[in-house]
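All remarks here apply to the structure that follows.
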Amino acid sequence: MIIVMADKVITRFAPSPTGLPHLGTAMYALLNFLFARQNGGKVIMRSEDTDPVRSKPEYEEAIKEDLSWLGIEWDEFARQSEYLESHKKYIKQLLDSGNAYISAEQAENGEGMRDVVRFKNPNKIVTFNDLARGEISVDTTDLHDFVIARDIDSPLYHLAVVADDYDMGVTHIIRGEDGLANTPRQILIQEALGAPRPIYAHYPFFLTPERQKMGKRNGAMPISDYREQGYLPEALINFIILMAWHPNDDQELFTMQGLIERFELERIGKSGAIFDQAKLDWLNREYMKLLKPDELETKASRFIPKGTEKFLPLLIERINKFSDIPRMLESGGEFDFLVKAPGISKELLMGMSGASESEIKKHLAYILEKGTERDTVWPYAEEHGKGKVLWPMRVALSGKERSPDPFTLVQYLGEKESMIRLEHARKILDS
RNA sequence: GGCCCUAUCGUCUAGCGGUUAGGACGGCGCCCUUUCACGGCGUAAACCCGGGUUCGAUUCCCGGUAGGGUCACCA
């Protein structure tokens with residue numbers, strides 16, 4: 001075999017389909033994707049599905065679907081389970097070369113003996129260069145003769161990973177820092193197999209507010225939940241990359257294309273980043289602002305209750321994500337008055353207006369008579385005190401202490417509905 | 001516990017021997033404004049501790065401390 005295209009970059013991300021993908025899964029894929037793309041190489045998604053009890057096809061589907069939704073691509077898809085023959089070949093090779101041996105041992109789960117395959121540890125110092133962290137040296141002696149196969153036909157993780165990366169020609173292994181401690185073991189296997197050593201780069205985890213590794217079982221929300229809450233994939237990608245990498249200038253907003261151009265693998269962070277929901281929400285708002293009106297409407301449509309589409313422009317600047325919209329419109333919500341007439345009280349009508357009851361009555365009567373047009377109400381309000389006129393008008397329309405200004409409300413409510421509400425407010429004062 | 005990694009505002013970070021330690025989110029204040037939101041402006045807020053090296057350390061080295069990871073017949 002001749003080495004083909006020795007310089008071509010090949011990366012991979014290898015999730016195990018044992019649960020729904022979360023943002024950590026996306027970071028893993030994104031980093032590999034970006035590095036491959038910016039180097040004209042290819043990226044492989046390898047489903048590490050060899051754990052028969054925990055692996056589920058539907059999780060594999062979910063991973064593909066959610067990563068695609070985020071805009072992360074892969075050039076090839078592989079399943080580790082389909083490489084069993086190759087794994088067995090390498091186990092045999094290691095056995096034949098004396099780098100591994102069969103050891104009859106008590107099965108871990110209880111009864112019976114089993115012929116496990118142990119790697120013959122050369123007990124040496126392994127030194128490797130991590131692109132992000134520099135040189136790392138480990139004495140492998142305390143790794144002992146670790147098990148690489150349950151039996152001669154059943155490869156375990158370390159063997160399988162090394163074998164697959166070798167077979168697939170992977171040149172760069174970009175993975176989470178949990179892989180850091182596994183690297184020396186895998187290098188030992190590579191050397192015994194005569195496989196080339198890929199370049200390593202380890203990135204840190206997302207952390208919970210308690211500084212724990214965020215994971216499926218620890219605070220990580222599935223990507224699909226973000227989608228259902230109406231987060232924009234662009235915002236999520238931007239958020240993820242900022243947790244792993246920063247440029248050396250002040251730029252913070254990146255498109256995928258921009259990332260492919262600017263991302264630098266050597267600059268990925270060294271320390272874990274606590275998941276910052278507020279920043280994510282901010283980013284999502286930034287990306288919502290970038291949407292053109294028709295795009296906005298399309299993307300928001302599935303979150304908007306029937307018949308309330310027209311309120312979107314009013315709502316959009318007060319939300320972090322699309323799923324906030326129904327929450328604002330539902331009864332008791334911040335903008336429920338758009339959907340149904342509010343209950344109002346005399347006290348609220350007076351509120352911070354600074355006007356007396358009779359003054360308010362007079363002002364409402366004026367509006368009721370002359371109409372709600374800004375051109376007619378505004379001069380009147382300036383003459384009689386803006387707060388004294390505008391506050392009760394606004395409260396009559398919204399029933400809220402805080403809301404958009406009365407003219408905006410009229411615009412969305414319509415002249416007719418507005419007059420009904422104004423009239424109702426006047427009656428409240430009369431009672 | 002052994003081994004490995006990490007350590008700058010509350011959070012995400014820039015910095016790569018000499019800086020008023022920069023930016024962003026969040027907070028706070030002011031402006032805009034009848035109120036809210038949006039927007040604009042401004043402000044508080046950090047180099048984990050102790051030794052070295054150096055004329056000079058946030059930056060380099062060592063130690064401590066703290067946090068994380070890993071030590072499976074899971075991946």
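First the proteins, then the strands, lettered A, B, ... as listed; each starts at 1. On a predicted model such as this, the values are computed, not experimentally measured, just so you know.
- None of A/Thr183, A/Asn182, A/Asn32 except one satisfies the side chain to side chain donor-acceptor pair (under 3.5 Å) rule with A/Arg175; the exception is A/Thr183.
- One C1' atom belongs to B/G10, the other to B/G69, and the distance between them is 25 Å to the nearest Å.
- The aromatic ring centres of A/Phe337 and A/Phe335 sit less than 6.0 Å apart.
- Counting any heavy atom pair closer than 4.0 Å across all strands shown, A/Asn248 reaches sugar-phosphate atoms only and no base atom.
- Within 4.0 Å of A/Asn182, counting heavy atoms only, lies at least one base atom of the nucleic acid.
- With a cut-off of 3.5 Å on both pairing distances, the Watson-Crick or G-U wobble partner of B/G18 is B/C55.
- For the P atoms, the distance linking B/C47 with B/U54 amounts to 26 Å, nearest Å.
- Look at the C1' atom in both B/U11 and B/G27: the space between them is 12 Å, to the nearest Å.
- Nucleic acid contact for A/Asp151: none, since no nucleic acid atom lies under 4.0 Å from a heavy atom of the residue.
- Residue contacts shown for A/Trp378 are limited to sugar-phosphate atoms, with no base heavy atom under 4.0 Å away.
- Separating the CG atom of A/Leu180 from the C1' atom of B/C71 is a distance of 13 Å, rounded to the nearest angstrom.
- Note: CZ (A/Phe254) to C1' (B/A24) measures 11 Å, nearest angstrom.
- No more than 12 heavy atoms of other residues, nucleotides or ligands shown are found within 6.0 angstrom of CD on A/Glu297.
- For A/Trp391, counting side-chain heavy atoms from C-beta on, the closest listed nucleotide (B/A75, B/A24, B/U35) is B/U35.
- Which of B/C71, B/C36, B/G26 sits closest to the side chain of A/Arg285 comes down to B/G26.
- Nucleotide B/A24 holds its C1' atom 16 Å from the CD1 atom of A/Ile274, rounded to whole Å.
- Side chain of A/Asp276, nearest nucleotide from B/G68, B/G23, B/U11: B/U11.
- The two atoms that bring A/Leu397 and A/Leu413 nearest to each other are O-CD2, 3.9 Å, heavy atoms only.
- Rounded to whole Å, the C1' atom of B/C36 lies 26 Å from the corresponding atom of B/A44.
- Protein atom NZ of A/Lys270 is 17 Å distant from nucleotide atom C1' of B/G69, rounded to whole Å.
- Minimum atom distance to the side chain of A/Arg402 is reached by B/C36, of the listed B/A75, B/C74, B/C36.
- For A/Arg318 against B/C38, no side-chain N or O and base N or O form a donor-acceptor pair under 3.5 Å.
- Comparing the same atom, C1', in B/C3 and in B/U43 gives a spacing of 47 Å after rounding to whole Å.
- For A/Tyr166 and A/Tyr90, the gap between ring centers is short of 6.0 Å.
- The 12-atom threshold is not exceeded at NZ of A/Lys120, counting heavy atoms of other residues, nucleotides or ligands nearer than 6.0 Å.
- Other residues, nucleotides and ligands place no more than 12 heavy atoms under 6.0 Å from the CD atom of A/Glu401.
- The nearest whole Å value for the distance from the CZ atom in A/Phe239 to the C1' atom in B/U11 is 10 Å.
- With both pairing distances under 3.5 Å, B/U11 is matched to B/A24 as a Watson-Crick or G-U wobble pair.
- The side-chain tip of A/Lys370 does not point at the ring of A/Tyr380 from less than 6.0 angstrom away and within 45° of straight on.
- Nucleotides B/G50 and B/U65 place their P atoms 15 Å apart, quoted to the nearest Å.
- Distances were taken from every side-chain heavy atom of A/Gln80 (C-beta onward) to each of B/A14, B/G68, B/A75; the shortest belongs to B/A75.
- In this structure, B/G39 and B/C31 make a Watson-Crick or G-U wobble pair, each of the two defining distances being under 3.5 angstrom.
- At a threshold of 4.0 angstrom between heavy atoms, the contacts of A/Glu177 are confined to the sugar-phosphate backbone, with no base atom among them.
- Taking atom CD1 of residue A/Ile136 and atom P of nucleotide B/C3, one finds them 16 Å apart after rounding to whole Å.
- Comparing the C1' positions of B/U8 and B/A57 gives a spacing of 14 Å, expressed to the nearest Å.
- Residue A/Arg46 is out of contact with every strand shown, counting any heavy-atom pair closer than 4.0 Å.
- In this structure, B/G1 forms a base pair with B/C71, meeting either the Watson-Crick or the G-U wobble geometry with both donor-acceptor distances under 3.5 Å.
- When each of B/C73, B/U70, B/C25 is scored by its nearest atom to the side-chain atoms of A/Val147, the top-ranked nucleotide is B/C73.
- Under the Watson-Crick and G-U wobble criteria, each requiring two contacts below 3.5 Å, nucleotide B/U6 is paired to B/A66.
- Taking atom CE on A/Met288 and atom P on B/C38, their separation rounds to 11 Å, with Å as the unit.
- Here A/Ser55 lies out of heavy-atom contact (under 4.0 Å) with every strand.
- Of all nucleotides listed (B/A75, B/A14, B/U70), B/A75 comes nearest to the side chain of A/Glu48.
- Distances were taken from every side-chain heavy atom of A/Phe205 (C-beta onward) to each of B/U11, B/C74, B/G69; the shortest belongs to B/G69.
- Taking the side chain of A/Ala278 as heavy atoms from C-beta on, and the options B/U70, B/G2, B/C25, the nearest nucleotide is B/C25.
- Contact annotation: A/Lys386 does not reach the phosphate of B/U35 (side-chain N/O to OP1 or OP2, under 4.0 Å).
- Side-chain N/O atoms of A/Ser353 include none lying less than 4.0 angstrom from OP1 or OP2 on B/U34.
- A/Lys289 comes within contact range of the sugar-phosphate backbone alone, with a heavy-atom separation under 4.0 Å but no base atom that close.
- Cation-pi geometry between A/Arg197 and A/Phe128 is not met at under 6.0 angstrom from the ring centre and within 45 degrees of the axis.
- B/C25 and B/G68: their C1' atoms are spaced 24 Å apart (whole Å).
- Using a 4.0 Å cut-off, some side-chain N or O of A/Gln212 falls inside it from OP1 or OP2 of B/G68.
- Between A/Arg267 and the phosphate of B/U13, there is no side-chain N or O to OP1/OP2 separation shorter than 4.0 Å.
- Taking side-chain N and O atoms only, A/Lys279 has no distance below 4.0 Å to OP1 or OP2 of B/C25.
- Separating the CD atom of A/Glu286 from the C1' atom of B/G39 is a distance of 12 Å, rounded to the nearest angstrom.
- When distances run from any side-chain atom of A/His158 to the nucleotides B/A7, B/C12, B/A75, the shortest one goes to B/A75.
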